[in-house]
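Structure record follows, encoded as structure tokens.
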Amino acid sequence: MANQSIDHAFTTTSLTDRATDPTYAGALSFMRRKYTKSLEGADAVVWGIPFDAAVSNRPGARFGPQAIRRASAIMDNDPQYPFERDLFESMAVIDYGDCLLDYGNHQETPATIEREATKILASGAFLMSMGGDHYVTWPLLKAHAAKHGPLALVQFDAHQDTWFDDGQRIDHGSFVGRAVRDGVIDPTRSIQAGIRTHAPEDCGIRILYGNEVEDMTASRIAQTILDHVGDAACYITFDIDCLDPAFAPGTGTPVAGGPSSAKMLSVLQKLGGLDMKGADIVEVAPAYDHADITAIAGAAVAMHYFGLLAERHSRR
């Protein structure tokens, strides 16, 4: 025990050293990364956005960041499958905590998220955000596009999120259409995978419907995404309801007939060829979960983002 520590998120003096907390104890930052508001030296940042006032069905995704952090504790910085490496050995990642939002003033929420995201991105760090409902992706896209230009959107979801939007709505089902109309994303290079509902318009975005995903291998899905996005700067958003409710029951708008967590994690692992500028995991609502199934899936999605980043970092 002499070389072990507890509460690594607070006691560590390095952004790249390994945690030794027991999986059942210690401060629950994301994968035991250092909790800090200092962006100095950080290659990547984990950030929670506990907002769910835009949902059209069941609320509860405001508790998503807490649940994902808790579920990530079992990932104790051993070499992470399937990347075969300690993700943080040479890549400095911090947990920036959560966005402070006024629960009684939702009209201020998008500007607050965008302003804080812009500050993080200005440091040069990669930003991985944890929602919250899917509306939070709208201000995140704006902040990323302001830095990188119009983005290709890679969206894993059961819903297209292209419903009518007057430009003022706080709505998790319309942000994609708004992003296309406002030139924040490039629809010709964007793609949605796992869609199992119909919206009035597709906004010119390539769609892989749930039944197509069911018939395709993970390799073919990944290659379709890589071919469509090409070398465009992209943002990946993963709505946990992309997964079948058997694998992610804890979400606000579950839709039967979706893919397994194994299949979609395998797709993510094969997307290292993308020019990924930012990413998020949204719509984890732990109140509807059982045995942390959904939170574990959400934490695994987030870990895969860092696996891709670690591989890219090692090639520099």
Side-chain angles (χ1 to χ4, degrees), residues 29-30 35-39 42 44-56 59-69 94-151 153-155 157 161 165-185 233-240 251-252 276-285 298 301-302 305:
S29 62
F30 180 79
Y35 259 130
T36 179
K37 293 295 185 184
S38 171
L39 296 165
V45 173
V46 179
W47 188 40
I49 309 176
F51 177 79
D52 65 4
V55 296
S56 53
R62 67 181 62 185
F63 298 107
Q66 288 181 350
I68 293 169
R69 286 187 176 102
I94 65 168
D95 190 325
Y96 196 70
D98 287 346
C99 184
L100 177 60
L101 300 169
D102 183 350
Y103 70 89
N105 191 3
H106 297 315
Q107 292 301 323
E108 293 298 318
T109 293
T112 300
I113 296 170
E114 184 180 355
R115 182 170 56 249
E116 192 74 8
T118 299
K119 174 185 173 182
I120 295 169
L121 293 173
S123 73
F126 181 93
L127 176 58
M128 195 289 290
S129 304
M130 305 180 294
D133 67 48
H134 217 160
Y135 178 79
V136 305
T137 301
W138 165 238
L140 289 170
L141 282 172
K142 289 180 68 180
H144 284 79
K147 180 172 184 177
H148 301 291
L151 298 158
L153 181 68
V154 178
Q155 180 179 353
D157 208 322
D161 297 331
D165 193 319
D166 61 3
Q168 303 299 317
R169 289 178 61 80
I170 306 292
D171 185 345
H172 72 161
S174 62
F175 76 93
V176 174
R178 188 191 297 190
V180 171
R181 287 188 292 273
D182 287 6
V184 174
I185 65 173
C234 76
Y235 184 96
I236 304 180
T237 182
F238 199 112
D239 186 325
I240 205 67
T251 192
M276 181 175 61
K277 299 299 188 184
D280 65 46
I281 171 68
V282 298
E283 298 283 359
V284 172
V301 168
Y305 291 148

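We count residues from 1, following the sequence as given.
Taking both residues in full, the closest heavy atoms of Ile281 and Met128 are given as CG2-SD, 4.2 Å, listed atom of the first, atom of the second, then distance. The two residues Gly298 and Val284 come nearest to each other via the heavy atoms CA-CG2, 4.5 Å. Heavy atoms only, all atoms of each residue included: Asp98 and Pro50 are closest at CB-CD, 4.1 Å. Of all non-hydrogen atoms in Ala42 and Ala125, the two that sit nearest each other are O-CB, 3.5 Å. Of all non-hydrogen atoms in Ala179 and Leu141, the two that sit nearest each other are CB-CD1, 4.3 Å. The two residues Leu127 and Ala117 have their closest heavy-atom pair at CD2-CB, 4.0 Å.
Exactly one of Asp161, Asp280, Asp239 qualifies for a side-chain hydrogen bond (donor to acceptor under 3.5 Å, both in side chains) with Thr137. That residue is Asp280.
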Side-chain donor-acceptor contacts of residues 103-111 below 3.5 Å, not counting sequence neighbours, with atom names and distances?
residue : atom : partner : partner atom : Å
His106  : NE2  : Tyr103  : O            : 3.2
Thr109  : OG1  : His106  : O            : 3.3

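Residues forming a side-chain contact (heavy atoms from CB on, under 4.5 Å) with Tyr35 (at least two apart in sequence, or on another chain): Ala9, Phe10, Ser29, Arg69, Asp95. Contacts of Tyr235 classified as ring pair (Phe, Tyr, Trp, His ring centres under 6.0 Å), with partners at least two apart in sequence or in another chain: His144. With sequence neighbours left out, Gln66 forms a side-chain contact (heavy atoms from CB on, under 4.5 Å) with Phe63.
For residues 167-185, every residue pair satisfying the side-chain hydrogen bond (donor to acceptor under 3.5 Å, both in side chains) rule, not counting sequence neighbours, is listed here: Ser56-His172, Asp165-Ser174, Asp165-Arg178, Arg169-Asp171, His172-Glu283. For residues 45-55, every residue pair satisfying the side-chain hydrogen bond (donor to acceptor under 3.5 Å, both in side chains) rule, not counting sequence neighbours, is listed here: Asp52-Arg62.
Counting heavy atoms from C-beta outward, Cys234 and Leu151 have side chains that stay 4.5 Å or more apart. Side-chain atoms of Val180 and Leu153, non-hydrogen and from C-beta on, never get closer than 4.5 Å to each other. The shortest distance between side-chain heavy atoms of Phe238 and Gln155 does not fall below 4.5 Å. Put simply, the side chain of Val45 does not reach to within 4.5 Å of the side chain of Leu121, judged on heavy atoms. Taking the side chain as every heavy atom from C-beta outward, Glu114 and Thr118 approach each other to under 4.5 Å. Put simply, the side chain of Ile170 reaches to within 4.5 Å of the side chain of Phe51, judged on heavy atoms.
Between His134 atom NE2 and Thr251 atom OG1 the span is 10.5 Å, to the nearest 0.5 Å. We find the CD1-CG distance between Ile113 and Leu101 to be 5.5 Å, quoted to the nearest 0.5 Å. How far OH of Tyr305 is from CD1 of Ile236: 5.5 Å, rounded to the nearest 0.5 Å. With rounding to the nearest 0.5 angstrom, the OG atom of Ser123 is 8.5 Å from the OH atom of Tyr96. The distance from the OG atom of Ser129 to the CD1 atom of Ile49 is 4.5 Å, given to the nearest 0.5 Å.
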So Leu140 and Thr237, side chain to side chain contact (heavy atoms under 4.5 Å, CB included) or not? Walk me through it. CA-CA 10 Å; Leu140 289 170; Thr237 182; over 6 Å; no
Applying side chain to side chain contact (heavy atoms under 4.5 Å, CB included), run through Phe30 and Ile68 and close with a yes or a no. CA-CA 7 Å; Phe30 180 79; Ile68 293 169; 4.1 Å; yes
Starting from the C-alpha separation in whole Å, work towards a yes-or-no answer on side chain to side chain contact (heavy atoms under 4.5 Å, CB included) for Val184 and Trp138. CA-CA 9 Å; Val184 174; Trp138 165 238; 4.0 Å; yes
Apply side chain to side chain contact (heavy atoms under 4.5 Å, CB included) to Phe175 and Val136, showing your working. CA-CA 9 Å; Phe175 76 93; Val136 305; over 6 Å; no
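Lys147 places no side-chain N or O within 3.5 Å of a backbone atom of Ala122 that could act as its donor or acceptor partner.
Cation-pi geometry between Lys277 and Phe126 is not met: the NZ or CZ atom fails to fall both under 6.0 Å from the ring centre and inside 45° of the normal.
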